[in-house]
Amino acid sequence: MRLREDEMKTLETYRFSSGAADVSSSMLFAWLLHDDGQLAKYVAHVRTEMGAANDAVAASMLVKRLSFLAPMALYAMSVWNKRLVLDPGRIWLDTDGEGEMWMPRFRFEPPEAEACGIERSRWREQVVRDVFAGLFAPLIARLRRLTRISPLVLWENVAIYVYWVYERWLEDESLAPVADRLRDDFRFLIHEADGRLFGQKDNPLRRFFKGASGMQRTTCCLYVKTNGGTCCQTCPIRARQRQTG
């Protein structure tokens with residue numbers, strides 16, 4: 001079924017785009033997964049746009065920006081009980097002209113979702129597999145080969161955003177009617193989901209989760225190595241500086 005207008009409006013929070021493309025640069029997600037030349041070209045584009053020190057830094061910034069896809073799909077799953085159709089061959093990355101520092105929007109052609117029509121635990125596993133094993137695992141593997149960046153940095157880029165959005169959703173009074181489902185889905189993602197749902201031996205969301213201790217990162221995302229970039233509030237470098245200063 002096609003996403004409703006109000007649903008598409010809600011997903012704009014996560015940089016979903018329902019309008020016609022009017023962009024300086026667009027890239028089909030599938031090209032990043034299946035064409036090494038296109039991926040290298042896109043990494044070079046990000047490096048130029050963000051003034052990244054090298055391709056590894058650009059790769060990290062790329063995954064940080066693309067991480068918006070995860071909460072978009074997880075919001076649909078946990079709040080609406082819907083599974084976004086996340087075929088890489090129908091997801092376009094549109095670079096808008098708003099003067100932002102390389103912040104793409106996501107255009108789905110067509111924007112569709114499927115309601116949960118089977119036993120929910122099996123359905124939920126498929127949603128998680130679509131997002132993480134289907135999109136992020138192959139992209140991270142290719143970026144590792146292309147730029148030699150540690151996949152731990154890239155997976156934590158995704159994980160930290162998942163933690164953050166679920167925390168915000170559980171604080172949102174308008175989502176109180178589905179709070180139990182939000183908590184159950186978050187528990188599943190962190191503590192129960194098998195690594196295979198992420199295309200990995202182990203669950204990467206579990207690896208970096210620090211529970212009530214907050215969002216402190218284990219790895220540096222390398223934003224500090226971009227033009228004008230600084231250490232993020234959750235950066236381990238900043239934490240070490242506080243401890244020694």
Side-chain angles (χ1 to χ4, degrees), residues 3 5 7-76 84-112 130-132 134-147 149 153-155 157-158 160-162 164-165 221-230 232:
L3 287 173
E5 290 296 326
E7 291 173 335
M8 290 190 284
K9 185 68 175 178
T10 297
L11 293 184
E12 287 179 3
T13 300
Y14 311 106
R15 304 199 64 80
F16 174 86
S17 176
S18 58
D22 180 16
V23 297
S24 59
S25 176
S26 293
M27 176 68 71
L28 191 63
F29 201 101
W31 296 345
L32 302 181
L33 302 186
H34 304 299
D35 188 322
D36 289 342
Q38 290 285 2
L39 179 59
K41 178 181 177 181
Y42 208 59
V43 168
H45 172 67
V46 177
R47 181 173 177 175
T48 299
E49 289 294 311
M50 299 197 69
N54 52 52
D55 284 350
V57 175
S60 181
M61 296 303 99
L62 171 59
V63 171
K64 284 192 77 170
R65 298 306 193 265
L66 299 189
S67 292
F68 281 87
L69 279 168
M72 190 185 301
L74 296 173
Y75 186 95
L84 295 184
V85 178
L86 294 177
D87 181 349
R90 51 202 282 174
I91 302 174
W92 286 91
L93 313 179
D94 294 340
T95 304
D96 55 38
E98 298 175 1
E100 296 172 285
M101 185 178 287
W102 192 76
M103 186 71 76
R105 294 185 179 275
F106 305 99
R107 175 168 45 92
F108 296 178
E109 292 190 347
E112 294 182 331
D130 288 349
V131 179
F132 298 102
L135 299 180
F136 287 104
L139 177 62
I140 288 172
R142 283 181 171 270
L143 287 171
R144 179 187 186 183
R145 291 194 296 270
L146 176 68
T147 70
I149 190 172
V153 174
L154 304 183
W155 276 114
N157 287 351
V158 180
I160 202 78
Y161 200 28
V162 172
W164 184 81
V165 292
C221 75
L222 307 178
Y223 177 60
V224 69
K225 294 186 178 182
T226 64
N227 186 31
T230 60
C232 306

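What's counted below: heavy atoms across the whole structure, side chains too, no hydrogens, waters or symmetry copies. In what follows, residues are counted from 1 in the order of the sequence shown. On a predicted model such as this, the values are computed, not experimentally measured, just so you know.
Closest of all the heavy-atom pairs between A53 and R47 is O-NH2, 3.1 Å. In terms of heavy atoms, Y161 sits closest to S67 at CD2-O, 3.7 Å. Taking every heavy atom of both residues into account, L154 and V63 meet most closely at O-CG1, 3.5 Å. Of all heavy-atom pairs between F136 and L66, the closest is CZ-O, 3.4 Å. Listed here is the closest heavy atom pair of A52 and V57: CB-CG1, 3.7 Å. Nearest heavy atom pair, residue I149 against residue L143, reads CG2-O, 4.1 Å.
Summarising the geometry, atom CG belonging to L69 is positioned 12.0 Å from atom CG belonging to D130; distances are rounded to the nearest 0.5 Å. The CE atom of M61 sits 6.0 Å away from the CG atom of L222 when rounded to the nearest 0.5 Å. One distance of note links CG of L139 with CG of L39; it measures 6.5 Å at 0.5 Å rounding.
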Start with the C-alpha distance between K225 and S60, add both sets of side-chain angles, then the distance that settles side chain to side chain contact (heavy atoms under 4.5 Å, CB included), and finish with yes or no.
CA-CA 11 Å; K225 294 186 178 182; S60 181; over 6 Å; no

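Not counting sequence neighbours, the partners of A73 by the side chain to side chain contact (heavy atoms under 4.5 Å, CB included) test are L84, L86, V131. Every residue two or more places apart in sequence or in another chain that forms a ring pair (Phe, Tyr, Trp, His ring centres under 6.0 Å) with Y75 is listed here: W80, W169. Remark: R145 engages no residue in a salt bridge (charged side-chain N to carboxylate O under 4.0 Å, His left out) (not counting sequence neighbours). With sequence neighbours excluded, the residues satisfying ring pair (Phe, Tyr, Trp, His ring centres under 6.0 Å) with F108 are F16. For the ring pair (Phe, Tyr, Trp, His ring centres under 6.0 Å) test, no residue two or more places apart in sequence or in another chain qualifies with W155.
Contact check for K9 versus S18: no side-chain heavy atoms found under the 4.5 Å cut-off. Side-chain contact between L74 and V165 is absent, with no heavy atoms from C-beta onward closer than 4.5 Å. R105 is not listed as a side-chain neighbour of R107, based on a closest heavy-atom distance of 4.5 Å or more. Counting heavy atoms from C-beta on, the side chains of P111 and R90 never come closer than 4.5 Å. Taking the side chain as every heavy atom from C-beta outward, F106 and L11 never approach each other to under 4.5 Å.
For an aromatic pair to be called close, the ring centres must be under 6.0 Å apart, and Y42 with W102 satisfies this.
Legend: salt bridge (Lys or Arg N to Asp or Glu O under 4.0 Å) pairs involving residues 30-42, not counting sequence neighbours, sorted by first then second residue: D36-R142.
Other residues, nucleotides and ligands place no more than 12 heavy atoms under 6.0 Å from the CZ atom of R144.
Under the 3.5 Å distance criterion, the side-chain polar atoms of R15 are matched with a main-chain donor or acceptor of M103.
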